[in-house]
Novice: 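Quick one: this structure, given as structure tokens, is what I'll be asking you about.
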2 protein chains.
Amino acid sequence: MHSISEENYIKAIYHLQEGQALVSTNDIAGRMKTKASSVTDMLKKLADKKLAEYIPYKGARLTENGVLCANQIIRKHRLWEVFLVEKLDFSWDEVHDVAEQLEHIQSPKLTNELDKFLNYPKHDPHGDPIPDSKGNYEKYTQVALGDLEIGQQGVLTGVVNTSRDFLRYLDKHEIKLGAQIQLLEIEEFDGSCRVKSDGRELYISKQTVESLFVKIK
Amino acid sequence: MHSISEENYIKAIYHLQEGQALVSTNDIAGRMKTKASSVTDMLKKLADKKLAEYIPYKGARLTENGVLCANQIIRKHRLWEVFLVEKLDFSWDEVHDVAEQLEHIQSPKLTNELDKFLNYPKHDPHGDPIPDSKGNYEKYTQVALGDLEIGQQGVLTGVVNTSRDFLRYLDKHEIKLGAQIQLLEIEEFDGSCRVKSDGRELYISKQTVESLFVKIK
DNA sequence: ACTAATTTTTAGGTTTGCCTAAAAATAGAT
DNA sequence: ATCTATTTTTAGGCAAACCTAAAAATTAGT
Ligand SMILES: [Mn+2]
Ligand SMILES: [Mn+2]
Ligand SMILES: [Mn+2]
Ligand SMILES: [Mn+2]
């Protein structure tokens with residue numbers, strides 16, 4: 001199988017290649033917090049294993065096989081996050097580092113039994129979709145909260161930023177995934193917004209507005 | 001912290017040093033399925049880290065710190081085994097390889113929440129005791145089933161041998177941990193036994209008798 | 001006690017994944 | 001088009017964990 005290091009690179013490339021035709025060595029280095037030279041080493045290895053296409057000096061992109069592999073890792077990561085929050089009383093800002101380890105456990109039976117035990121959840125605690133055992137997942141149209149029209153409403157489905165501080169901030173203000181949310185007003189001056197969520201009216205900063213995704217029907 | 005490799009050596013030494021004053025390089029190599037030279041390398045490293053005392057040409061033994069560390073790994077291993085059997089429908093002969101990976105996940109919170117979620121189990125699916133968060137565990141006197149007196153009875157508490165074949169054999173003959181078991185007769189010829197378990201009388205081989213532990217009051 | 005067999009260590013080598021520093025390629029600015 | 005800044009690769013090295021083969025120490029047999 002693949003080493004933990006290989007898996008972490010695969011996941012990083014997967015997340016970076018959305019939209020992009022090719023992902024640059026430097027971008028991967030940034031996300032992995034390693035040096036560009038280490039990335040080059042790994043890209044050659046992933047290309048050898050037919051998990052990525054690699055064009056020297058141009059960049060890389062996962063092959064079909066690489067994408068499949070990425071989906072399995074992401075599936076495990078997100079299932080474990082659900083487990084930690086739903087069964088073990090972790091809060092959603094505590095799960096990431098542990099899931100980062102658990103995603104590398106190799107046992108298809110474990111993954112599938114966990115999925116069953118959790119009742120085949122479709123989304124993780126941060127609102128991100130969970131691929132099924134074949135790698136398929138629901139892609140609904142998400143829009144940044146700030147891109148709604150004034151008065152338009154949607155369901156809060158995800159967060160862009162999963163920093164501890166940001167998740168704690170949301171908890172403190174009782175902003176929860178799944179809540180109905182309506183954009184009432186955008187302040188020209190600083191980009192902050194007035195929104196209505198579950199009946200309550202609240203003011204949130206420009207930064208927060210840009211970090212929240214909503215699903216619109 | 002400690003690498004996965006270090007942890008596996010610590011666990012191996014822990015299991016081997018029961019009774020023994022010092023564990024030999026060769027014994028460790030045997031259990032770890034590595035070469036003696038690799039063991040020597042690791043023993044030096046564990047000694048540097050004050051996890052083991054190592055006397056060249058004589059052998060090694062865990063320090064107090066090493067034992068503490070072993071207990072934590074074993075605690076995690078056995079808690080995950082309980083989880084797999086009780087919550088995810090694994091059978092007791094399928095859990096070992098996965099637990100071998102899960103035991104290395106680093107998160108004290110995860111371990112303790114898992115313990116709580118499982119209702120603080122005292123024994124794993126093979127009857128082995130689970131250390132608590134301080135490393136203490138219940139040591140009751142277990143006796144090999146074959147060492148009972150004729151007519152004496154006890155509660156089946158554990159298995160020595162956790163090979164797949166053996167565990168499947170026990171399942172097939174419905175020999176279950178926790179069952180009351182009485183030794184009725186030992187056959188001089190081949191050492192096989194007649195026992196009564198949960199009312200049923202059955203014949204079991206010498207090898208099986210030696211692989212089963214019972215608790216006597 | 002001496003020799004032979006066994007055990008253990010040392011020496012030297014490999015692979016994986018990382019690093020720094022230098023060289024080469026590419027992209028950007030005038 | 002040329003020069004400059006940035007990006008990327010190469011070269012060479014290091015640590016962890018493994019290996020084989022040879023040397024050294026220990027143990028066992030007589
Ligand atoms: Mn990871
Ligand atoms: Mn998540
Ligand atoms: Mn292990
Ligand atoms: Mn067990």
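So that the names make sense, note that chain A is the first sequence line, chain B the second, and so on, each numbered from 1.
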Novice: Going by number, which of residues 10-24 of chain B have a non-hydrogen atom under 4.0 Å from DNA chain D?
Specialist: none

Novice: Quick one: sort the A/Phe117 and B/Phe117 rings into parallel, tilted or perpendicular, breaks at 30° and 60°.
Specialist: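 If you compare the ring of A/Phe117 with that of B/Phe117, the planes turn out perpendicular.
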
Novice: State whether A/Lys58 places a side-chain N or O below 4.0 Å from either non-bridging phosphate oxygen (OP1 or OP2) of C/dA27.
Specialist: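 So the side-chain polar atoms of A/Lys58 do come within 4.0 Å of the phosphate oxygens OP1 or OP2 of C/dA27, strictly under.
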
Novice: Test of understanding: with side chain to side chain donor-acceptor pair (under 3.5 Å), list the residues that count as partners of A/Ser133, not counting sequence neighbours.
Specialist: none

Novice: Sequence neighbours left out, what pairs pass salt bridge (charged side-chain N to carboxylate O under 4.0 Å, His left out) with at least one residue falling in residues 57-67 of chain A?
Specialist: none

Novice: Could you tell me the separation between the CG atom of B/Asp41 and the P atom of C/dT15, rounded to a whole number of Å?
Specialist: 18 Å

Novice: Does a side chain donor of either A/Asn8 or A/Arg31 reach within less than 3.5 Å of an acceptor in the other side chain?
Specialist: no

Novice: What is the distance, rounded to the nearest whole Å, between atom CG of B/Asp27 and atom C1' of C/dT6?
Specialist: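 It is 13 Å, rounded to the nearest whole Å.
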
Novice: Please determine if a side-chain N or O atom of B/Lys33 lies less than 4.0 Å away from the OP1 or OP2 oxygen of D/dC18.
Specialist: no

Novice: Specify the separation, in whole Å, of atom CD1 of A/Ile55 and atom P of C/dA25.
Specialist: 17 Å

Novice: Find the distance A/Asp48:CG to C/dT16:C1' and express it as a whole number of Å.
Specialist: 14 Å

Novice: Under 3.5 Å, is there a donor-acceptor pair between the B/Ser205 and B/Thr208 side chains?
Specialist: yes

Novice: Name all residues meeting the side chain to side chain donor-acceptor pair (under 3.5 Å) criterion together with B/Asp128; count only those two or more places apart in sequence or in a different chain, and write none if there are none.
Specialist: none

Novice: Do the side-chain N or O atoms of A/Ser5 get closer than 4.0 angstrom to the phosphate oxygens (OP1, OP2) of C/dC18?
Specialist: yes

Novice: Could you state the atom-to-atom distance from NZ of A/Lys44 to C1' of D/dA11 in whole Å?
Specialist: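 Computing the A/Lys44:NZ to D/dA11:C1' distance gives 10 Å.
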
Novice: Between C/dT15 atom P and A/Lys49 atom NZ, what is the distance in whole Å?
Specialist: 14 Å

Novice: When you get a sec, tell me which of D/dT9, C/dC18, C/dT10 is the closest nucleotide to the side chain of A/Pro56?
Specialist: D/dT9

Novice: Take the angle between the ring planes of B/His96 and B/His77 and call it parallel below 30°, perpendicular above 60°, tilted in between.
Specialist: tilted

Novice: Does any donor atom in the side chain of B/Ser91 or B/Asp93 lie under 3.5 Å from an acceptor atom in the other side chain?
Specialist: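 There is such a pair between these side chains.
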
Novice: According to a strict under-4.0 Å criterion, is A/Asn26 in side-chain N/O contact with OP1 or OP2 of D/dT6?
Specialist: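 No, no such contact exists.
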
Novice: What's the NE2-C1' distance between A/His2 and C/dT16, to the nearest Å?
Specialist: 15 Å

Novice: Could I get a table of every N or O pair under 3.5 Å where one atom is in the protein and the other is in nucleotides 20-23 of chain D?
Specialist:
| from | atom 1 | to | atom 2 | distance (Å) |
| --- | --- | --- | --- | --- |
| D/dT20 | OP2 | B/Lys35 | NZ | 3.0 |
| D/dT20 | O4 | B/Ser37 | OG | 3.0 |

Novice: Taking side-chain hydrogen bond (donor to acceptor under 3.5 Å, both in side chains) as the cut-off, I'd like each qualifying pair that reaches into residues 46-56 of chain B, sequence neighbours left out, listed once.
Specialist: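 Counting only pairs at least two positions apart or across chains, the side-chain hydrogen bond (donor to acceptor under 3.5 Å, both in side chains) contacts touching residues 46-56 of chain B are B/Glu6-B/Lys49.
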
